[in-house]
**Q** 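Can you read through this structure? Questions will come right after.
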Amino acid sequence: MSSEETKGASNVAPLRKIVPCPECKRPSHREHYPFCSDRCRNVDLNRWLTGSYAIPVADDESKANGED
């Protein structure tokens with residue numbers, strides 16, 4: 001890719017609204033959406049992989065289904 005193509009790509013209007021980064025609240029960037037940087041993206045990925053983000057489950061499946 002030539003430098004002219006790269007330079008022209010930065011002039012394209014963003015397709016997504018800039019939102020605050022879920023990790024640090026700085027404005028998001030198109031390359032890392034919805035995060036502001038690769039670092040914040042990796043922090044979030046690490047939390048998923050280590051189980052910090054988990055959906056709670058019931059210990060007894062019969063109670064979760066509403067059976068007595």
Side-chain angles (χ1 to χ4, degrees):
M1 189 179 266
S2 72
S3 62
E4 290 177 8
E5 291 174 3
T6 306
K7 189 176 183 180
S10 65
N11 293 332
V12 175
L15 299 176
R16 295 182 180 118
K17 179 181 165 187
I18 295 176
V19 296
C21 175
E23 293 298 321
C24 67
K25 307 302 181 216
R26 290 186 296 190
S28 63
H29 289 277
R30 186 175 187 180
E31 300 84 28
H32 307 289
Y33 193 82
F35 303 100
C36 66
S37 65
D38 198 38
R39 179 198 169 278
C40 285
R41 184 189 318 190
N42 287 334
V43 167
D44 185 69
L45 177 60
N46 182 49
R47 288 183 181 154
W48 280 104
L49 295 176
T50 58
S52 295
Y53 296 142
I55 299 171
V57 295
D59 292 335
D60 186 2
E61 290 297 322
S62 63
K63 289 181 183 177
N65 293 334
E67 299 172 6
D68 290 324

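Just so you know, these numbers come straight off a predicted model, no measurement behind them. Numbers here simply count residues along the sequence, with the first being 1.
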**Q** Phe35 versus Val43: any side-chain heavy-atom pair under 4.5 Å?
**A** no
**Q** Hey, is the main chain of Val19 close enough, under 3.5 Å, to the side chain of Ser28 for a donor-acceptor pair?
**A** yes
**Q** Testing the basics here: between Tyr33 and Lys17, what is the closest heavy-atom pair and its distance to 0.1 Å?
**A** CE1-O, 3.5 Å
**Q** Does any part of the side chain of Cys21, heavy atoms only, come nearer than 4.5 Å to the side chain of His32, both counted from C-beta?
**A** no
**Q** Distance from Arg26 atom CZ to Ser37 atom OG, nearest 0.5 Å?
**A** 5.5 Å
**Q** At their closest point, which heavy atom of His29 faces which heavy atom of Cys36, and how far apart are they?
**A** CD2-O, 2.9 Å
